[in-house]
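Letters A, B, ... are given to chains in the order of the sequence lines, protein chains preceding strands, and every chain is numbered from 1.
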2 protein chains.
Amino acid sequence: MLELKDLPDAHILKKFADRYPDADIDRVIQFLTFLRVATDLSNGLDRYLAAHALLQGRWWVLVLLMREEDSCSSPSRLAEKAGVSRATMTGLIDGLQRDKLVSRMVSFKDRRQMLVKLTSKGQAKLDEVMPEYYRRVRQLMTALSDEEGDMLMQILMKLNQQAQVFD
Amino acid sequence: MLELKDLPDAHILKKFADRYPDADIDRVIQFLTFLRVATDLSNGLDRYLAAHALLQGRWWVLVLLMREEDSCSSPSRLAEKAGVSRATMTGLIDGLQRDKLVSRMVSFKDRRQMLVKLTSKGQAKLDEVMPEYYRRVRQLMTALSDEEGDMLMQILMKLNQQAQVFD
DNA sequence: TGAAATTAATTAGGAAGCTAACTATAATCT
DNA sequence: AGATTATAGTTAGCTTCCTAATTAATTTCA
């Protein structure tokens with residue numbers, strides 16, 4: 001949400017600090033900047049993927065399927081691994097199936113379950129998208145030194161341990 | 001997208017590395033972990049706000065309005081500061097107006113322009129939400145030492161300078 | 001001054017996320 | 001075995017985000 005270019009000025013900060021004495025300005029700025037940089041990068045990734053008729057959700061389903069031995073999984077397993085609800089996964093698979101990037105079959109072991117399979121067109125789509133994706137990620141992350149990269153992971157792990165502070 | 005708990009194992013990594021030689025595994029993991037931790041925190045913030053009938057987009061509009069001298073701004077300025085499209089801002093303001101947290105008036109200087117004003121109910125909503133928000137942000141970010149906090153800002157600035165790698 | 005270009009906001013239509021409710025199948029437990 | 005419970009997937013309806021097209025008002029400039 002926060003645009004980096006207009007962080008609040010001293011006068012505004014005082015207004016908020018007076019009304020809300022629990023505010024810790026430096027830490028709020030760290031938090032908001034973290035969310036904003038991540039959002040910008042996420043939007044950038046979506047713009048790249050959109051040039052190939054994908055967005056993160058659908059692209060990640062293809063990646064997860066390629067990870068499987070037989071390029072096959074079920075909606076609920078995909079939902080869990082992608083970190084989205086099953087309902088959302090139904091919608092993502094619908095779109096991918098429409099574009100013929102995956103196919104759906106009923107499992108004959110358990111007739112409640114569907115099997116989603118990466119098609120050859122889906123694999124071709126990944127082959128089209130992934131090399132450039134990897135090059136760009138490398139270019140992005142090499143802005144950090146090895147030490148900064150290590151420090152980043154350490155920081156992310158600490159923040160991740162606090163992930164439930166908002167619950 | 002990536003669930004931290006199921007980072008790909010060595011076998012899968014090799015499959016991807018063989019097919020996509022440009023992949024730099026460590027840096028890809030840093031990148032995906034960064035996005036995932038940010039997504040988890042963002043979702044956490046939304047869960048907190050949802051308990052007060054808000055989500056980040058609408059909440060941020062209220063914060064931006066409170067920053068103004070007269071608690072007033074225009075949709076386009078709000079859109080720019082919040083980093084969303086004007087169309088999105090129209091929708092956010094619609095919802096806030098429905099809940100009587102903001103009011104809309106036509107500007108009499110420029111009749112194309114609307115003025116959006118934080119209502120007293122909107123200010124009350126902020127007073128209800130912000131103190132606990134600040135306490136939780138502090139609790140979250142104090143997981144980092146002062147040095148780690150500084151390092152995080154330095155890293156975020158470097159990543160932000162690369163924000164156009166995906167364009 | 002009057003046509004053209006610009007600007008502000010909205011509408012229309014679509015994607016991706018959510019929860020809650022529903023259907024169908026499978027598993028469990030008297 | 002039959003009733004209950006649990007699981008897999010989908011549907012319905014909502015929010016928030018987008019782009020492109022539209023409407024209305026203002027500004028520019030020939």
* Sugar-phosphate, base or nothing in reach of Asp110(B), heavy atoms under 4.0 Å -> sugar-phosphate
* Once you round it to whole Å, what is the distance between C1' of dG14(C) and CG of Asp46(A)? -> 14 Å
* Does Thr142(B) use its side chain to pair, donor to acceptor, with the backbone of Gln139(B) at less than 3.5 Å? -> yes
* Asked: Below 4.0 angstrom, N of the basic side chain to O of the carboxylate: do Arg104(A) and Asp94(A) qualify?
  -> yes
* Whole-Å gap separating C1' (dT10(C)) and CZ (Arg111(B)) -> 18 Å
* Phosphate-side-chain proximity, Arg47(A) and dC17(D), N/O vs OP1/OP2 below 4.0 Å -> no
* Asked: Atom CH2 of Trp60(A) to atom P of dA15(C): distance rounded to whole Å?
  -> 22 Å
* Under 4.0 angstrom, heavy atoms only, what part of the nucleic acid is Arg104(A) near: base, sugar-phosphate, or nothing? -> sugar-phosphate
* What nucleic acid atoms does Ala87(B) come within less than 4.0 Å of, heavy atoms only: base, sugar-phosphate, or nothing? -> base
* Would you mind reading off the distance between Gln56(A) atom CD and dT16(D) atom C1', rounded to a whole angstrom? => 15 Å
* Asked: Is there a side-chain polar atom (N or O) of Ser85(A) under 4.0 Å from OP1 or OP2 of dC18(C)?
  -> yes
* Is any NZ, NE, NH1 or NH2 atom of the basic residue among Asp99(A) and Lys125(A) found under 4.0 Å from an Asp or Glu carboxylate oxygen of the other? -> no
* Asked: Roughly, in whole Å, what's the span from NZ in Lys109(B) to C1' in dT27(D)?
  -> 17 Å
* To do: Side chain of Ser76(A) only, please: which of dA15(C), dG9(D), dA16(C) is the nearest?
  => dG9(D)
* Structure fact -> Rounded to whole Å, CZ of Arg86(B) lies from P of dT10(C) at a distance of 11 Å
* Asked: In terms of side-chain heavy atoms of Leu55(A), which of dG17(C), dC17(D), dA15(C) is nearest?
  -> dA15(C)
* Structure fact -> The answer to which of Arg77(B) and Thr88(A) contacts DNA chain C further toward the 5' end, by nearest nucleotide, is Arg77(B)
* Given atom CG of Leu92(B) and atom C1' of dA9(C), what is their separation to the nearest angstrom? -> 14 Å
* What's the closest nucleotide to the Arg112(A) side chain, out of dA24(C), dA9(C), dA25(D)? -> dA24(C)
* Salt bridge check: are Arg19(B) and Asp127(A) linked by an N-O gap of less than 4.0 Å? -> yes
* To do: Identify whether the distance between the nearest side-chain nitrogen and carboxylate oxygen of Asp24(B) and Arg135(A) falls below 4.0 Å.
  => no
* Select base, sugar-phosphate, or nothing to describe what Thr90(B) touches, counting heavy atoms under 4.0 Å on all strands. => base
* For atom CG of Leu78(B) and atom P of dT10(C), their distance in whole Å -> 11 Å
